[in-house]
Amino acid sequence: MSTEDVIYYIQVSIIAYFCIQIGYTLLVFLLGDIMIDYIELGIFRPANNIITKTITFITIGLFGLGPYLDKKFRKYSWIKRKLLLLISIPILFVLSVVIYQAIMFPIRHFFL
């Protein structure tokens, strides 16, 4: 496996992670409590052993941004919460691009 292949897989992994986060946030915006209840199925409270802690960590790590923002916006009315989630999606997209560039710039210049 060449260096270009490794860099390609790193790029795809980073892009996929950000797409999952933004996509799930969009689903939380569109479907609301349905998606929040769905993610709660993968979270064990309290996580007593290493298996439940690992499953909870992976679930929150992959899908946690949308429910986190929804939880933060719960203090507002329904319409304001939806508006804040709608505003946060383009902000998340821009932040994802900035973070992607910040990660990939040194990798590209160091290894290529």
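How far CZ of R45 is from OG1 of T52: 12.0 Å, rounded to the nearest 0.5 Å. Separating the CD1 atom in I43 from the CD1 atom in I60 is a distance of 4.0 Å, to the nearest 0.5 Å. Here C19 contributes atom SG and L26 contributes atom CG; the two are 11.5 Å apart, rounded to the nearest 0.5 Å. In this structure, CG in L65 is found 11.5 Å from CG in D70, a value given to the nearest 0.5 Å. Between the OG atom in S96 and the CD1 atom in I91 there is a gap of 11.5 Å [rounded to 0.5 Å]. Interatomic distance, F18 CZ to I99 CD1, rounded to the nearest 0.5 Å: 4.5 Å.
Take I51 and apply the side-chain contact (heavy atoms from CB on, under 4.5 Å) test, not counting sequence neighbours, and it matches N49, I55. Residues passing the side-chain contact (heavy atoms from CB on, under 4.5 Å) test with D5, sequence neighbours excluded: M1, S2, Y9.
Note on L95: it does not cluster hydrophobically with I89, by side-chain heavy-atom contacts below 4.5 Å among ILVMFWY residues. Under the 4.5 Å side-chain heavy-atom criterion for Ile, Leu, Val, Met, Phe, Trp and Tyr, L31 and L41 are members of the same hydrophobic cluster. Each of F93 and V98 belongs to its own hydrophobic cluster when Ile, Leu, Val, Met, Phe, Trp and Tyr are linked at side-chain heavy-atom distances under 4.5 angstrom. Hydrophobic cluster membership differs between I36 and L83, with clusters built from Ile, Leu, Val, Met, Phe, Trp and Tyr side chains linked at under 4.5 angstrom. Follow the hydrophobic side-chain contacts under 4.5 Å out from I87 and you never reach W78; the two are in separate clusters.
Closest approach of L69 to S88, counting heavy atoms only: CD1-OG, 3.8 Å. Minimum heavy-atom separation, A102 to P106: O-CD, 3.1 Å. Residues M35 and L27 approach most closely at CG-O, 3.6 Å, considering heavy atoms.
A donor-acceptor pair under 3.5 Å links the side-chain atoms of Q21 to the main chain of L62, judged by distance alone. Formation of a donor-acceptor pair under 3.5 Å by the T56 side chain with backbone atoms of K53 is not found in this model.
Identified under the ring pair (Phe, Tyr, Trp, His ring centres under 6.0 Å) test for residues 26-73, with sequence neighbours left out: Y24-F63.
Side-chain contact check for K75 versus K80: every heavy-atom pair is 4.5 Å or farther apart.
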